[in-house]
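Everything on this sheet refers to the single structure shown next.
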Amino acid sequence: MEITAAVVESTDGPFSIQRVEIAEPLAGEVLVRLVSSGICHTDGLARHGDLPFPLPGVLGHEGAGVVAALGPGVTGFAEGDGVVIGWASCGECRNCRAGEPRYCARLGEAIAAGGRLGGGSALSRADGRPLASHFFGQSSFATYSLTTAASLVRVPEGLPLELMGPLACGISTGAGAIFNTAKPQAGASVVVYGVGTVGLAAIMAARNSPSTRIVAVDRHDSRLALAKELGATDVVNASTDDAVAAVTEICRGPADFALECTGVISVVRQAVDSVGMLGTCILIGGAPAGAEFTLDHISTLWGKRIVGVLGGSGHSQDLIPAVMELFRQGRFPFDRLVEFFDFADVEAALEASYAGDVIKPILRMPSA
């Protein structure tokens, strides 16, 4: 079947809108006609080679669309169902069986090997030459995506389908870091370093928790203002203030939780230093490959925890529907982060995100 996709030919290359071929769904697979796809900085990391993904290929991992065809053995979905495409996993390893598919033992293969977990790409050029597919199990910068039924989350009727794609990664990553990892208790203090998509999602999640102090740290006054509107009780502009000192003053001591959402190594250290005894620093932002940071050994011995989080942890089938319902209730207005772009403007959309002009770009597919 011929589809339209944004192909990246080589490292640091531009997105090229091309006609390509997509395979028919095999057992357990579903073909999804994409309505939209969010753009995440991880797509940029892959294009630049900081997240290894074979090129030429198709990126994109925040797809939302309509079920177009079912492979053999698929149950629970029907053609025409609105869905969000979650992360891929093997479903069989110890971590998957324990309810943590984000930490699948075959994660690297599932999200960045360039094809199905069982081998082979789903995408090719008209002459049969293969293109890398299945980025995060979906390669959603295209009009159609081939994925596994196990990755899908149904979108309830009445919700705007084209808005739901970012729930696959960016929104769920921030929300899940609060709901699944931090789990703040009554009166807890939470500080969020970097209030882009992930950080603002964390702030909205914290607002739906018993936390009583929610601090946003960033360098952009406009984002800090939005953070206040979405639930932050306090803000710190790191361009003008000593962030750690400001957080300590606001919280009247170290924070209980610090979420690092930038991937900037100097900010990682600030986040770690913002929590004290029995505090938890949650690392979320993606730093360049090979990046390292150092910690003070003695202070870390005092019960301080540093933990990394992928995709918000837990199951897409639990987390994404919960955020959808909070959105429906008006308690998680992530639509305020979004700006839509035509699919042909994928390059401009990613650059707008890098420049900070747009928090969460979403591409509208031509088929929509």
Side-chain angles (χ1 to χ4, degrees), residues 22-38 40 42-43 46 53 58-93 95-123 132-142 144-156 161 164-173 175-176 180 310-324:
I22 192 166
E24 294 294 322
L26 301 177
E29 293 183 331
V30 176
L31 183 69
V32 177
R33 176 179 63 81
L34 289 161
V35 170
S36 64
S37 176
C40 176
T42 305
D43 298 307
F53 181 74
V58 178
L59 300 171
H61 62 288
E62 292 185 342
V66 176
V67 173
L70 304 173
V74 173
T75 60
F77 293 96
E79 291 183 15
D81 284 346
V83 293
V84 169
I85 308 175
W87 285 23
S89 60
C90 75
E92 299 173 349
C93 70
N95 292 345
C96 286
R97 296 196 311 271
E100 288 289 359
R102 293 288 194 270
Y103 307 104
C104 174
R106 298 175 67 187
L107 181 67
E109 182 184 355
I111 69 173
R116 296 174 166 105
L117 265 176
S121 176
L123 299 175
S133 68
H134 285 77
F135 185 60
F136 280 72
Q138 57 181 287
S139 288
S140 60
F141 288 171
Y144 283 80
S145 173
L146 190 63
T147 188
T148 61
S151 299
L152 299 180
V153 178
R154 184 178 284 101
V155 177
L161 181 58
M164 296 295 120
L167 295 181
C169 185
I171 299 295
S172 290
T173 295
N180 293 330
L310 285 175
S313 193
H315 276 287
S316 295
Q317 288 74 12
D318 295 325
L319 180 58
I320 292 177
V323 176
M324 287 179 185

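Computed from a predicted model, the values in this text were never measured in an experiment. For the single chain, residues carry numbers from 1 onward in sequence order.
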- Note on the structure: Closest non-hydrogen atoms of Leu117 and Glu109, given as atom of the first, atom of the second and distance, are O-OE2, 2.9 Å
- Nearest-0.5 Å distance, CZ of residue Phe53 to CG of residue Asp43: 10.0 Å
- Taken to the nearest 0.5 Å, the spacing of Leu34 CG from Thr147 OG1 works out to 10.0 Å
- Task: Determine, stepwise, if the pair Leu161 / Val66 fulfils side chain to side chain contact (heavy atoms under 4.5 Å, CB included).
- Result: CA-CA 9 Å; Leu161 181 58; Val66 176; 3.8 Å; yes
- Side-chain heavy atoms of Ser313 within contact of Tyr103, under 4.5 Å: yes
- Residue pair Trp87 / Cys169, side-chain heavy-atom distance below 4.5 Å: yes
- Considering residues at least two apart in sequence or located in another chain, which fulfil the side chain to side chain donor-acceptor pair (under 3.5 Å) criterion with Ser89? none
- Determine the minimum heavy-atom distance between Arg106 and Cys90, stating which atoms define it. CD-CB, 4.0 Å
- Message: Would the distance check show the side chain of Asp318 and the main-chain N or O of His315 forming a donor-acceptor pair, the cut-off being under 3.5 Å?
- Response: no
- Query: CG of Leu310 to CG of Leu107: how many Å apart, nearest 0.5 Å?
  - Reply: 6.5 Å
- Message: Do His61 and Cys40 have side chains that approach each other closer than 4.5 Å (heavy atoms only, starting at C-beta)?
- Response: yes
- Side-chain contact, heavy-atom cut-off 4.5 Å: Val155 with Met324? yes
- Query: Side chains of Asn180 and Leu319: does their closest heavy-atom pair fall under 4.5 Å?
  - Reply: yes
- Atom of Gly165, atom of Ala64 and distance for their closest heavy-atom approach: N-CB, 3.6 Å
- Item | Nearest-0.5 Å distance that lies between atom CG in Asn95 and atom CD in Glu100 | 7.5 Å
- Message: Strictly below 4.0 Å, N to O, side chains only: are Arg116 and Glu29 in salt-bridge contact?
- Response: yes
- Output the distance between atom CG (Leu152) and atom CZ (Phe77), rounded to the nearest 0.5 Å. 4.5 Å
- Main-chain N/O of Ile111 paired to Gln138 side chain as donor or acceptor, under 3.5 Å: no
- Message: Please give me the minimum heavy-atom distance between Ile22 and Leu146, naming the atom from each residue.
- Response: CD1-N, 3.8 Å
- Query: Would a 4.5 Å heavy-atom cut-off, applied to side chains only, mark Arg97 and Glu92 as touching?
  - Reply: no
- Note on the structure: All heavy atoms of Cys96 vs all of Pro101, minimum pair found to be SG-CA, 3.9 Å
- Query: How long is the gap from CG on Leu59 to OG on Ser37, to the nearest 0.5 Å?
  - Reply: 10.0 Å
- Item | Full working for side chain to side chain contact (heavy atoms under 4.5 Å, CB included) between Val153 and Val83 | CA-CA 5 Å; Val153 178; Val83 293; over 6 Å; no
- Is the closest side-chain donor-acceptor distance between Ser139 and Ser133 under 3.5 Å? no
- Closest non-hydrogen atom pair between Ala168 and Ile85, with its separation: CB-O, 3.1 Å
- Item | Ser316 and Arg102: side chain donor to acceptor below 3.5 Å | yes
